[in-house]
Amino acid sequence: MGHWWQEQTVYQVYPRSFNDSNHDGMGDIPGIIEKLDYLTALGIGVLWLSPVYKSPQKDNGYDIADYKDIDPLFGTMADMDQLIVEAEKRGIKIVMDLVINHNSDQHEWFQKSRQRIDPYTDYYIWRDGKDGGPPNNWTSFFAGEAWQYDDMRKQYYLHLFATEQPDLNYHNKAVIEEVKDIIKCWLDRGVHGFRCDVINIIFKSSLEDGKRQLVLKGLEHYLSQEGNHEILQELRRDVLDHYDCFTVGETVLVTPKMARDLCDPSRKELDMIFSFEHMEADQYFVKWFKRKFQKKVFFETLSKWQKELHWNANYFENHDQLRSVSRFGDDTRYWMESATMLATLLFSLKGTPFIYQGQEIGMTNFDFQSMDDIQDVESHNVYRFLGRFHLPKWLRWRMIFKSSRDNVRTPMQWSDSEYGGFSTVQPWLKVNSNYHTINVANQFHQEGTIWSYYQTLIHLRNNDQTLIYGDFEKMYIDKHVFIFRRYDEQEAYIIAVNFSTKKRTISYRGDVLISNYNTTRFNGVLQPYEAIILKG
Ligand code: NOJ
């Protein structure tokens, strides 16, 4: 009735932090192969691999220097081919990260472009400066100006992310042809789709100054432009449609209308998108300004997106966000309850569920001690940038500590042996010190654990057409409780979640399909952080 990518659960692997097989402190592809049986046991059908391409690793691989080669840090192309084959044997499809808004300043195209060597001269967005400064007032997602002067070419280039990540020029048809070739090459190798990095900002319609605004000046010239849609349609028509694959777009600052234009099936662009609005329920304006988690906003936002899109890519965690149990739950008093409650919510929304490594065992935010414990380029840029405004060190540290992406990037906690069983040597980023208690070995195949709850949920959803395809209807929302219905002609479920430390009474009763409190007959009282799916 639908597509395989609607029915499966996607598991995101952040390779450098997943499993280190060669004892260098860095996760690698053979390490992933070793853990495929683990993923099969969990019930995973699709594995999304964050970038493993050759890269100077300024942004942990999101700065690609060669799209057709594997970084030696992670292994070889032969390892990659083996991963694809071994995964396929277990019924797991591999999805790669496609980063085409920008690549690395070490990429051969950029090196040649700097020297004006054709055909690469116009592969990037180069301009002369203006009035002794950059060509326009645009700012970068990673803080500061979005332009960098290049001494060799004697021009500025645009970089919406780190300085070492120059943006590609999509007014140049040759760039689109290169991208098609890359996509084709990976599909021919046996991957089944792509998670497309910041895919709604690749086309810049003009390089005029941006309107006055605090951050992201220039946005109106590149967010979801018509040219962007044309490129996506072309990639789909000329390449993707000829394979059994899917695409999920990471779409920054997307509105429901923009999202529909990107993933309405009739438009033949993307299959689904990651929206961000529900992840903004604990911030003012940008993630560095945290506020108390606004549960009602979170519920209303999820509900709105369920209604607005025919299909969602549902997620509470990824390599850029925080750990959901620390962020939306209570990682001390109700660690188990809140982790399993969040899981229930995630798996009962309409759409493809995406989980991020470690989420299935309730890994928590990192216990950093100082900036020295942080590696992320974004965190360091922002820390430096805020220093320009004389913000005291303690305040900057506090902002970084609460929002840094390294919170989720700590090594996977496999066991309570040294370094969490991730490696035998000091890993590239410290292991969270709670690995002694929170680890796979403590939970794998053991009843009453977060891991086995995820396993049960995945199995349940995989085999339930109503949970997969049924319609969504909001029933009730308040400051703590979210209730909705999923239904089709055969079946109907009521899902109720309690995001609070107090009991809450609701006006539903009945037999329970699943509950994180093992309730079988529900009498109307939700326990702290309880989640239930009621039958009929
Ligand atoms: C989004 C990716 O998820 C993030 O990790 C990266 O830093 C930026 N795009 C730039 O590629």
Side-chain angles (χ1 to χ4, degrees), residues 10 12-18 27 48-65 67 71 95-107 110 124-125 138-144 146 148 157-168 170 179 182 194-202 204 215-216 219 222-223 228 247-254 270 272-276 279-280 286-288 313 315-323 354-357 374-383 385 400 403-410 428-429:
V10 185
Q12 181 189 356
V13 165
Y14 197 60
R16 55 171 49 226
S17 300
F18 192 59
W48 151 26
L49 202 58
S50 275
V52 286
Y53 312 97
K54 189 166 229 159
S55 158
Q57 305 289 328
K58 293 284 176 205
D59 186 19
N60 294 357
Y62 283 87
D63 48 325
I64 298 173
Y67 292 94
D71 198 286
V95 164
M96 299 286 276
D97 223 300
L98 185 71
V99 189
I100 56 166
N101 173 68
H102 48 267
N103 53 29
S104 162
D105 61 357
Q106 300 306 307
H107 197 294
F110 188 77
Y124 298 85
I125 304 173
W138 293 12
T139 51
S140 144
F141 280 76
F142 284 176
Q148 176 65 33
Y157 64 86
L158 179 73
H159 63 89
L160 288 182
F161 292 89
T163 316
E164 299 86 352
Q165 292 170 302
D167 280 43
L168 284 159
Y170 280 93
V179 170
I182 292 162
F194 300 93
R195 174 269 187 186
C196 309
D197 193 70
V198 293
I199 199 68
N200 60 334
I201 59 170
I202 63 174
K204 284 78 183 169
V215 283
L216 293 180
L219 189 64
Y222 58 77
L223 183 66
N228 206 132
T247 51
V248 51
E250 185 212 22
T251 47
V252 290
L253 300 156
V254 72
L270 299 166
M272 53 184 151
I273 58 108
F274 291 121
S275 62
F276 284 82
M279 301 303 257
E280 292 165 4
V286 288
K287 71 176 181 189
W288 307 105
Y315 73 99
F316 293 156
E317 282 183 29
N318 64 37
H319 66 292
D320 292 333
Q321 301 291 335
L322 299 172
R323 286 293 182 184
F354 285 73
I355 59 174
Y356 175 72
Q357 63 187 40
I374 290 184
Q375 302 278 338
D376 184 16
V377 58
E378 180 195 53
S379 301
H380 282 284
N381 278 7
V382 169
Y383 186 80
F385 180 75
I400 300 294
S403 303
S404 173
R405 306 188 293 184
D406 279 351
N407 274 297
V408 278
R409 296 179 175 182
T410 57
W428 70 278
L429 186 66

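Just the heavy atoms: all of them, side chains too, but no hydrogens, waters or symmetry mates, feed the values below. First listed ligand is number 1; within each ligand, the first listed atom is number 1.
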* Structure fact -> For R195, the atoms of ligand 1 under 4.0 Å from one of its heavy atoms are 2 (C), 3 (O)
* **Nearest-contact summary for atom 3 (O) of ligand 1 - protein heavy atom, Å** => D320 OD2, 2.4 Å
* Asked: Which word best sums up how the rings of F141 and Y222 line up, parallel for under 30°, tilted for 30 to 60°, or perpendicular for over 60°?
  -> tilted
* Asked: Counting from 1, what ligand 1 atoms have a heavy atom of R405 closer than 4.0 Å?
  -> 4 (C), 5 (O), 6 (C), 7 (O)
* Would you please say whether a donor-acceptor pair under 3.5 Å links the side chains of R16 and Q57? => yes
* **Check against ring pair (Phe, Tyr, Trp, His ring centres under 6.0 Å), Y67 and H107** => CA-CA 9 Å; Y67 292 94; H107 197 294; 5.7 Å; yes
* Can you sort out which atoms of ligand 1 are near F142, meaning under 4.0 Å from one of its heavy atoms? => 7 (O)
* **Enumerated ligand 1 atoms positioned under 4.0 Å from heavy atoms of D197** => 1 (C), 2 (C), 3 (O), 9 (N), 10 (C), 11 (O)
* To do: Please state whether F141 comes within less than 4.0 angstrom of ligand 1, counting heavy atoms only.
  => no
* Structure fact -> For K54, the side-chain hydrogen bond (donor to acceptor under 3.5 Å, both in side chains) test, sequence neighbours excluded, returns none
* Y62 and S55: side-chain donor and acceptor closer than 3.5 Å? -> no
* Determine, stepwise, if the pair Y356 / Y315 fulfils ring pair (Phe, Tyr, Trp, His ring centres under 6.0 Å). => CA-CA 8 Å; Y356 175 72; Y315 73 99; over 10 Å; no
* Under 4.0 Å from a heavy atom of R409: give me the atoms of ligand 1 that qualify, with their elements. => 5 (O)
* To do: Say whether H102 and ligand 1 are in contact under the criterion: heavy-atom distance to a ligand atom below 4.0 Å.
  => yes
* What is the nearest protein non-hydrogen atom to atom 6 (C) of ligand 1, stated with its residue, atom name and distance? -> D59 OD2, 3.3 Å
* Only counting residues at least two apart or in another chain, list the ones meeting ring pair (Phe, Tyr, Trp, His ring centres under 6.0 Å) with Y170. => none
